[in-house]
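Here is how names work: the chains are called A, B, and so on, in the same order as the sequence lines, proteins then strands, and each is numbered from 1. The model shown is predicted, which means the values in this text are computed figures rather than measured ones.
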2 protein chains.
Amino acid sequence: MESKDLRKAGLKVTLPRMKILEILEAADDQRHFSAEDVYKQLLEAGEDIGLATVYRVLTQFETADLVMRHHFESGHSVFELNRGPHHDHILCVRCGKVDEFVDETIERRQREIAENSGYRMTDHSLYIYGICEACQSKE
Amino acid sequence: MESKDLRKAGLKVTLPRMKILEILEAADDQRHFSAEDVYKQLLEAGEDIGLATVYRVLTQFETADLVMRHHFESGHSVFELNRGPHHDHILCVRCGKVDEFVDETIERRQREIAENSGYRMTDHSLYIYGICEACQSKE
DNA sequence: ATAGGAATGAGAAGCTTTTTCATCTGATCG
DNA sequence: CGATCAGATGAAAAAGCTTCTCATTCCTAT
């Protein structure tokens, strides 16, 4: 992901946008960021970028299909860099852990259901909530 | 749905709670309400019930499993009376229409995925977004 | 380098939702 | 049936999260 991806999306290549992209890419462990998460990491990195800009940029990235916005049950948006194939999420309601999965059976059924209901499907979201292995063993 | 359902849930049978239940049940066409929706209907019905109470009561109903809270992409919670079998939702992104469906294949796969990922599944949410038949024909 | 339009930062404002606290109501017991 | 008291309510304040405003700054094309 680099400056040409921004250009392609019709976005000027600015320092805030590059820095935010970097953070989303760094993601050793974390791949799902709230706006606040990104903002905090920018502060830690010594970047003087406002929270309003973070929101603006993330929204533009979403429009440009560079990131995907999720609506988990947490009450705020969570952003994820758009790379690799489509996948859905399974979340731990105790610790907040997020795992990903792909299931072609479910994907196919969804398309069939949309078709049978007369809808032209544009998108879908599937979240499975549960208690992860680690949290179960703590009980 | 009546007072004994409230008692069973450990909730006192109060006027606000009964009125809110009535509104959720009335639902000739609508079955999905935001807190604001419920509040407006209470006002129209001449009931002097505060918005804070609506939120409180809906949250209690959710805890008591009387209603289900949905997180559509609209940015606010939507509540639905818990009756009939479990179902998922397909929504029109143009007009906001909400349809329901049940698909045992998807249900089963979800349980399998949770199990394979080491999760004890507590819940799941599946929303299909698309453009409904009526909106397609307007294009 | 320069000009002009786009982008940014800071703070205000907007929305949804929750909290606070004084007042009121409904269940229980006499 | 009336007193009692925990629990419920209303109004307003406050708390998130997110967007908007506007003066200033930064890119890009010239």
Expressed in angstrom and rounded to an integer, what is the separation of [X] atom [atom1] from [N] atom [atom2]?
X: B/Lys19; N: C/dG26; atom1: NZ; atom2: P; answer: 12 Å
X: A/Met18; N: C/dT8; atom1: CE; atom2: P; answer: 13 Å
X: A/His71; N: C/dT16; atom1: NE2; atom2: P; answer: 14 Å
X: B/Asp37; N: C/dT16; atom1: CG; atom2: P; answer: 10 Å
X: B/Phe79; N: C/dT16; atom1: CZ; atom2: P; answer: 13 Å
X: B/Leu6; N: C/dG26; atom1: CG; atom2: P; answer: 13 Å
X: A/Ile20; N: C/dA7; atom1: CD1; atom2: P; answer: 13 Å
X: B/Lys40; N: C/dC15; atom1: NZ; atom2: C1'; answer: 13 Å

Between protein and nucleotides 8-11 of chain D, what N or O pairs are separated by less than 3.5 Å?
from   : atom 1 : to      : atom 2 : distance (Å)
D/dA8  : OP1    : B/Arg17 : NH2    : 2.6
D/dT9  : OP1    : B/Thr14 : OG1    : 2.7
D/dG10 : OP1    : B/Asp48 : O      : 2.7
D/dG10 : OP2    : B/Gly50 : N      : 3.1
D/dG10 : OP2    : B/Thr53 : OG1    : 2.4
D/dG10 : N7     : B/Arg56 : NH2    : 2.8
D/dG10 : O6     : B/Arg56 : NH1    : 3.3

Salt-bridge criterion met for B/Asp99 and B/Lys97 (N-O under 4.0 Å): yes
Between A/His86 and A/Glu100, a side-chain donor and acceptor under 3.5 Å: no
Donor + acceptor pair across side chains of B/Arg17, B/Ser3 (<3.5 Å): no
Difference in axis direction between the ends of the helix from C/dA1-D/dT30 to C/dG30-D/dC1, five pairs, 10°: 30°
Sugar-phosphate, base or nothing in reach of A/Ser34, heavy atoms under 4.0 Å: nothing
Geometric class of the B/Phe72/B/His32 ring pair [parallel <30°, tilted 30-60°, perpendicular >60°]: tilted
Residues forming a side chain to side chain contact (heavy atoms under 4.5 Å, CB included) with B/Arg56, sequence neighbours excluded: B/Ala52, B/Thr53
Non-neighbouring partners of A/Lys138 that pass salt bridge (Lys or Arg N to Asp or Glu O under 4.0 Å), sequence neighbours left out: none
Contact list for residues 39-50 of chain B, test salt bridge (Lys or Arg N to Asp or Glu O under 4.0 Å), sequence neighbours left out: B/Lys19-B/Glu47
Cluster link B/Tyr119 to A/Leu91, ILVMFWY, side chain under 4.5 Å: no
D/dT28 phosphate, OP1 or OP2, under 4.0 Å from A/Arg7 side-chain N/O: yes
A/Tyr55 side-chain N/O to D/dT19 phosphate OP1/OP2 under 4.0 Å: no
ring-ring contact (aromatic ring centres under 6.0 Å, His included): pairs with one or both residues in residues 39-61 of chain A, sequence neighbours excluded: none
